[in-house]
Amino acid sequence: MEEIYLVKIGEISLKSGNRKFFEQKLKSHIKFRLRGYPSKFSGQNGRFYLTIDSEHGEKARTVLGTSFGVTSFSKCVTVKKDIEVINQEALKLGKAFLDGGAGTKFKVESRRADKKYFMTSYELSAHLGGVLLDAYPELEVDVKNPDWKLNVEIRDKAILYGPPLRGPGGLPVGCAGKGTLLLSGGIDSPVAGYLMAKRGLKLDAVYFHAYPYTSDEAKEKVIQLAKLIAPYCGGVNLFIVPFTEAQLRIRDVAPTNEATLHMRAGMVRVAEIICRNREAGCLVTGEALSQVASQTVSSIGFTNSISNLPIFRPLIGMDKEEIIKIARKIGTYETSILPYEDCCTIFSPKHPLITPDIERISESYKKIELEEYLVKAAEEAERIYISPRDGIEPKPEK
Ligand code: ATP
Ligand code: MG
């Protein structure tokens, strides 16, 4: 047995000039995630169908429910064109809408590809509306403003569409180009990656590892986080950057209270090198204004001055609670709170400089002569590719 899903896309359909490109990205993303599962994803002009073997129905719902660009999708039921059979399916679906709390105002919308069918679209809608009203007295027809619609299509078979399930919205990954996410083991950066992927950015991730000051467990934790965001991102290349020598240089040479700022600047520089090598066009961090000393206006001003690349900080205006809510939703929170030290915390001073003067701190940064350490760190980065299938499947949004 096969299952068919009708897939609706939102914002993509607004981009009229680029529509084909956006739809192509969505198609390849979904096909990529369903690789190994016999299935077909086809369609155009805002209407897509996924056909898959029933035994993989749950996988299909997970993929559709977590693929950016999909706003909603409905399971379709395909039956004989016999009106008695259609009545029965309509009743089952009507019950599913009601049980799912969809509301009581409804409408039936029919289309006929088979023009020889014995009822017109209008007659079929009126007929099925009557069948539903007879069976469920709490229902009421509202053609202008229904709570839900029962869609029926008459082709070589009759197709009825069940209640829509929610997709994550956003834009298909890759349609906004490529960026480099600074992924630490914390709560914020995986959420930042998720949000930028939702706007269509394909992501590489860069993690700064200060072995032996930061443990193998800390590294494993970041690999785990990359696996958790990989399905959303259509796979992730994770670069593990050996950062110990650069950090020791900063510790030994820079004024103690400036260490965090220089380390941040160093991270931006290494990420920039990797970003340019990978032909990506922007950096992404999980910074939020005033969250810690290195996230004040002047500290961010300094780290921005290190690179000409745009640096996106999608969490900049968010409270921790809001960030945690998204982290829970996408399933990264439990991993993020595992208690392994990040390289930032280990080398961070007790009393960090909070509002650096940009000229003075830039002068001080030059004096550390960090560049050769940073270039070497970027060169020695280990790359781990996590395909969407190696990833840990997220749970679709409710
Ligand atoms: P996180 O932001 O990761 O949840 P955090 O808020 O404690 O944890 P900060 O020290 O504030 O982290 O770092 C701010 C941002 O800098 C992070 O969101 C991340 O983008 C980047 N960053 C910090 N440490 C690292 C690291 N070890 N590797 C890669 N990026 C890092
Ligand atoms: Mg943070």
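Order of listing sets the numbers, starting from 1, for every ligand and every atom in it. All values below come from the heavy atoms of this structure, side chains included, with hydrogens, waters and symmetry mates left out. Here the structure is a predicted model, which is why all the values come from computation and not from measurement.
Considering both main-chain and side-chain atoms, F208 comes within under 3.5 Å of ligand 1 through a nitrogen or oxygen pair. Inclusion of K320 in the set of residues having an N or O under 3.5 Å from an N or O of ligand 1 is not warranted. Checking only distances, G185 never comes within under 3.5 Å of ligand 1, N or O to N or O.
Within 6.0 Å of NZ in K8 there are 12 or fewer heavy atoms belonging to other residues, nucleotides or ligands.
Ring-centre distance between F68 and Y194: below the 6.0 Å cut-off.
Residue contacts with ligand 1, taken as heavy atom pairs separated by less than 4.0 Å, do not involve H209 at all. Residue-level proximity to ligand 1 for V222 is absent, since no heavy atom of it falls below 4.0 angstrom. If you look at V206 next to ligand 1, the close heavy atoms, those under 4.0 Å, all belong to the backbone.
With side-chain heavy atoms closer than 4.5 Å counting as contact, directly or through intermediates, the hydrophobic cluster containing F32 also holds Y385.
In this comparison of E287, R264, M263, the heavy atom closest to atom 9 (P) of ligand 1 sits on R264. Closest heavy-atom approach to atom 26 (C) of ligand 1 among the candidates A327, G186, S184, G286: S184.
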Show, in sequence, the C-alpha distance, side-chain angles and deciding distance for R360 and E258, and conclude whether the salt bridge (charged side-chain N to carboxylate O under 4.0 Å, His left out) test is met.
CA-CA 11 Å; R360 279 187 30 210; E258 293 178 3; over 6 Å; no

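Evaluation of the side-chain hydrogen bond (donor to acceptor under 3.5 Å, both in side chains) test over residues 48-58, restricted to residues two or more places apart or in two chains, returns R47-Y49, Y49-Y161.
Remark: the S189 side chain and the S184 side chain contain an N/O donor-acceptor pair separated by less than 3.5 Å. Inspection of the S67 and R33 side chains reveals an N or O donor paired with an N or O acceptor under 3.5 Å.
Each of the following atoms of ligand 1 lies closer than 4.0 Å to a heavy atom of Y207: 27 (N), 28 (N), 29 (C). Per-residue contacts place T285 under 4.0 angstrom from the following atoms of ligand 1 (heavy atoms of the residue considered): 20 (O). With ligand atoms numbered from 1 in the order given, ligand 1 contributes 6 (O) to contacts under 4.0 Å with heavy atoms of Q291. Close contacts between ligand 1 and Q295 involve ligand atoms 9 (P), 11 (O), 13 (O), 14 (C) [criterion: under 4.0 Å to a heavy atom].
Classification of the F302-Y365 ring pair by plane angle, with boundaries at 30° and 60°, yields perpendicular.
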